[in-house]
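What follows is one structure encoded as structure tokens, with my remarks underneath.
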Amino acid sequence: MSRNPAQRAAELRAELAEHNYRYHVLDDASIPDADYDALMCELVALETEHPELQTEDSPTQRVGATASRDFAEVVHDIPMLSLNNAFDDTSAEDDAARFATIGDFVRRIENTLGLSEPEFSVEPKLDGLAISLRYENGLFVRGATRGDGAKGEDVTSNLRTVKTIPLRLRGSGWPAQLEVRGEVYMPRAAFEAYNAKARESGEKVLANPRNGAAGSLRQKDAQETAKRPLAFYAYAVYLPATPEQNLGERHSAALAQLRDWGFPVAPEASTAQGFAGLIAYYRRIGERRDHLPYDIDGVVYKLDDYAGQRTMGFVSRAPRWAIAHKFPAQEQSTELLDIEIQIGRTGAATPVARLRPVQVAGVTVSNVTLHNADQIARLDMRLGDWVIVRRAGDVIPEIVKVIPEKRPAGTQPWQFPDRCPVCDAVLVRVQKVKKQTKAGIEYEEGVALVCSGGLFCPAQRKEAIFHFAARRAMDIEGLGGEIIDDMVELPFLRDGEASRCLRSPADLYALRLDDLTELRRLGQERSGSVPETVKKGKVPTRWAENLLDAIEKSRSTTLERFLFALGIRDVGESTAKALARWFGNLDAVMAATLDELRAIPDVGPVVAGRIVAFFAETHNRDVIAALRAAGVQWPDAEPQRIAQGVLAGKTVVLTGTLEALSRDEAKEKLEALGAKVSGSVSKKTDFVVAGPGAGSKLEKAAELGLEVWDEERLLGFLAEQSS
Ligand code: IVH
């Protein structure tokens with residue numbers, strides 16, 4: 001930074017001019033608004049202190065940048081001016097000091113007009129794009145952007161696509177010529193939906209709703225604009241034939257009139273009395289900011305009485321009768337310190353950006369979850385970069401872009417690691433399944449990385465053990481969520497001299513009563529309640545004995561249950577069953593190649609890949625060996641490479657109460673014949689088995705004209721198949 005004021009002013013002018021051009025002409029803001037405002041404040045201060053430094057082309061002397069040449073030029077009969085901004089002094093002790101600028105603003109009006117506590121029109125300050133709409137004899141004839149305030153761009157055909165802009169006025173009594181001004185904006189939900197879609201199809205995402213609105217209005221093809229969900233709110237009105245006159249006496253009444261003529265006006269627009277009224281409004285809207293359906297960057301106070309406005313007049317670029325009271329910025333820049341990989345309970349590897357902590361809209365942000373590796377590559381985020389962080393509404397903070405100008409020298413593109421940072425197993429690229437139909441599997445766009453450490457990875461351990469013990473897997477009764485949490489977190493197992501936590505399901509088979517006693521003691525100690533009986537060493541042992549029994553019982557299982565229990569990604573019960581039948585023994589499954597696996601009906605290339613990756617991981621093989629060594633066993637069988645069961649490809653729904661069979665038994669028997677048993681009735685259902693008490697599913701089946709079986713028919717059919 002230069003110390004010489006003249007040099008610094010020139011520097012600031014050049015920098016602001018460049019940002020202005022990027023923001024207004026290219027719709028590609030290079031810095032967050034808050035940083036821009038800070039530069040502008042610095043220049044205004046310098047020029048106030050040294051008036052001789054002010055130049056005609058200083059950005060303090062005008063409103064925006066010049067119009068681009070792509071659209072016809074519109075000269076604004078009444079210039080589109082800007083508002084002065086007021087920021088809070090957050091270090092201040094009381095409201096008077098905190099809101100000093102607002103105090104000065106109100107006092108100046110009171111003193112000039114000789115009033116006390118004047119009435120203001122108070123409105124949200126929408127974060128979109130200012131536009132001007134011309135109506136002649138009640139018809140919309142021309143719409144323009146603000147441009148530099150004197151000249152804008154003719155975007156009439158694009159504005160016609162904005163559904164909330166009236167093309168013809170309602171009611172009557174409107175003047176022959178009318179100019180209405182307001183903000184075109186993109187509602188938050190529409191912005192999120194647009195970006196979700198763009199992300200999925202790999203298109204450019206919008207940095208924020210304001211950019212979305214600006215970019216959409218500047219489309220050369222109005223059909224494109226029409227696809228973007230834009231909206232409009234009116235906040236000002238002029239009479240071009242008699243510019244010195246206003247529509248009525250008061251601004252709030254003019255807004256009400258506009259509403260009657262069919263213009264949307266922000267529902268939060270209201271009136272308030274004097275300084276205290278303004279601050280109360282600021283606080284009220286501030287509290288609701290996160291829940292509004294659109295982005296706002298502050299509130300606007302306007303002297304309500306038009307005659308008073310005329311007396312107050314303007315100073316250079318802004319009215320003296322209005323001011324924008326800004327909220328803390330929703331975008332801030334900060335430094336990207338690191339990108340770490342977090343492994344979720346299902347093994348999904350999620351990159352998380354560690355940032356130099358920064359206040360964004362009143363909240364300190366230091367970690368931001370990134371969507372996936374694609375986002376890092378798309379934005380070309382590198383360690384040491386300055387990035388723009390955005391936090392708007394209830395939406396979690398996001399990194400919207402990198403500031404290329406601030407990139408330090410010598411940075412390298414970031415590379416996704418190829419191993420799990422927790423267990424060092426290979427990270428495999430997987431596509432998330434979007435929906436699975438008879439025709440095949442549909443995948444989501446983009447890939448996710450998943451740790452293949454499965455049973456061993458500490459990050460996945462709880463989930464893996466929970467799944468292992470589940471009823472349809474190893475069926476260890478009594479081994480549920482909380483006990484597993486304790487087992488994985490508390491050092492209850494004696495390992496020589498030391499103690500340790502449960503590392504893999506194989507450890508379950510070595511548990512003794514003492515271990516469980518210790519587990520209970522540690523658990524109660526941690527939760528702060530140690531019952532007397534425990535202190536005296538007398539522990540209720542029934543639950544522990546029952547658990548040990550259940551573990552013991554699970555030692556004898558079936559190959560398909562065991563395969564399912566391993567928790568191989570996308571290997572559900574039916575795939576586990578298919579594998580068990582096809583190969584007959586575990587060694588054959590573990591040794592199977594991709595091609596061998598793909599030969600099995602119902603095993604597609606993706607699932608085959610997951611199976612091979614799982615068994616290739618040493619940790620997983622070790623856990624399996626340990627389980628077998630601990631005595632977990634099942635009967636092997638002859639491989640059954642038969643094609644398919646009689647119900648292959650059929651989808652069946654069970655509903656109501658069955659008497660001779662439990663639902664699970666019926667399901668198992670139907671699946672053994674190749675059927676898919678589903679929980680909901682749809683067009684794709686082949687038949688429904690309904691017992692007494694069947695309700696909505698049976699109704700739906702009747703509606704769709706599906707075949708319905710009673711239990712007797714099911715039993716008859718099953719008997720026929722097994723004979
Ligand atoms: S009145 C002469 N009212 O804020 C006063 N402006 O710097 C003209 N804005 O570009 C503006 N909400 O796009 C006014 N309720 C509101 C507003 C509003 C947003 C924007 C407007 C303008 C900027 C003022």
Side-chain angles (χ1 to χ4, degrees), residues 20 23-24 27 29 33 36-37 40-41 44 59-65 76-87 101 105 120-133 143-150 152-153 155 159 179-186 209-211 213-214 217 230-238 243 246-247 251-252 254-256 258-259 263-272 278 281-282 285 289 292 294-304 306 308-310 312-327 329-330:
N20 248 339
Y23 187 87
H24 290 287
D27 296 326
D33 287 358
Y36 180 89
D37 290 338
M40 186 63 112
C41 279
V44 170
T60 59
Q61 301 304 299
R62 58 176 186 170
V63 179
H76 298 299
D77 295 342
I78 301 152
M80 290 184 74
L81 296 170
S82 185
L83 295 169
N84 283 324
N85 289 326
F87 299 93
T101 321
F105 163 76
F120 291 92
S121 172
V122 290
E123 304 161 19
K125 185 170 187 298
L126 295 144
D127 203 4
L129 208 71
I131 55 151
S132 183
L133 305 171
T145 61
R146 181 170 68 167
D148 65 2
E153 295 166 316
V155 287
L159 286 173
E179 190 147 324
V180 172
R181 290 181 180 169
E183 201 85 348
V184 163
Y185 66 96
M186 192 178 267
R210 202 209 74 87
N211 274 20
L217 264 200
L230 298 181
F232 172 76
Y233 275 136
Y235 57 63
V237 54
Y238 298 93
N246 291 92
L247 182 70
H251 183 64
S252 53
L255 290 182
L258 288 183
R259 230 179 231 145
F263 292 96
V265 174
E268 292 76 21
S270 179
T271 54
L278 299 185
Y281 181 73
Y282 174 81
I285 299 296
R289 182 188 192 189
L292 292 175
Y294 42 77
D295 275 6
I296 60 176
D297 56 354
V299 290
V300 182
Y301 311 138
K302 299 171 185 170
L303 182 63
D304 201 38
Y306 281 136
Q309 286 190 6
R310 284 191 289 270
M312 294 307 297
F314 293 83
V315 58
S316 72
R317 58 195 267 269
R320 279 204 191 90
W321 45 263
I323 196 162
H325 190 178
K326 301 268 252 182
F327 288 134
Q330 286 178 320

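Each ligand, and each atom within it, is numbered from 1 in the order the structure gives. Hydrogens, waters and symmetry mates are skipped; everything else that's a heavy atom, side chains included, is used. Worth saying up front: this structure is predicted, and the values here are computed from it rather than measured.
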Taking all heavy atoms of [X] and all of [Y], pick out the closest pair and write down the distance.
X	Y	value
Arg289	Phe327	NH1-CB, 3.4 Å
Asp297	Asp127	OD2-OD1, 3.8 Å
Phe314	Arg320	O-NH1, 3.7 Å
Ser121	Leu255	OG-CD1, 4.1 Å
Trp321	Gln309	CD1-O, 3.2 Å
Arg259	Ala266	NH2-O, 3.4 Å

Can you report which non-hydrogen protein atom sits closest to [atom], along with the distance?
atom	answer
atom 21 (C) of ligand 1	Tyr235 OH, 3.0 Å
atom 12 (N) of ligand 1	Leu126 N, 3.2 Å
atom 13 (O) of ligand 1	Glu183 OE1, 2.4 Å

Measure [X] to ligand 1 on non-hydrogen atoms and call it side chain, backbone, both or neither using the 4.0 Å cut-off.
X	value
Leu83	both
Lys125	both
Ala318	neither
Lys302	side chain

### Query
Arg181 near ligand 1, heavy-atom distance under 4.0 Å?
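The answer is no: ligand 1 sits nowhere under 4.0 Å from a heavy atom of Arg181.
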### Message
Under 4.0 Å from a heavy atom of Pro124: which atoms of ligand 1 are those, numbered in the order shown and with their elements?
### Response
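The atoms of ligand 1 under 4.0 Å from a heavy atom of Pro124 are 12 (N), 15 (N).
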### Task
Find all atoms of ligand 1 within a distance of less than 4.0 Å from any non-hydrogen atom belonging to Ala130, and give their numbers and elements.
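What qualifies from ligand 1 is 10 (O), 13 (O).
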### Query
When you measure from atom 15 (N) of ligand 1 to each heavy atom in Arg146, Glu123, Gln309, which option holds the nearest one?
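When every heavy atom of Arg146, Glu123, Gln309 is considered, Glu123 comes closest to atom 15 (N) of ligand 1.
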### Query
Tyr294 and Tyr233: aromatic ring centres closer than 6.0 Å?
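Between Tyr294 and Tyr233, the centre distance is under 6.0 Å.
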### Task
Before signing off on this row, confirm whether Leu81 and ligand 1 have an N or O atom pair separated by under 3.5 Å.
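No - when backbone and side-chain N and O of Leu81 are compared with those of ligand 1, no distance drops under 3.5 Å.
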### Query
Going by distance only, is there an N or O of Pro319 that falls short of 3.5 Å from an N or O of ligand 1?
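No, there is no polar N/O contact under 3.5 Å.
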### Task
Test Arg181 against every option in Ile78, Val237, Ile131 by the side-chain contact (heavy atoms from CB on, under 4.5 Å) rule and name the one that passes.
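Testing Arg181 for a side-chain contact (heavy atoms from CB on, under 4.5 Å) against Ile78, Val237, Ile131 leaves exactly one candidate, Ile78.
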### Task
Take Phe105 and Asn84, measure what side-chain contact (heavy atoms from CB on, under 4.5 Å) needs, and give me the verdict at the end.
CA-CA 10 Å; Phe105 163 76; Asn84 283 324; over 6 Å; no
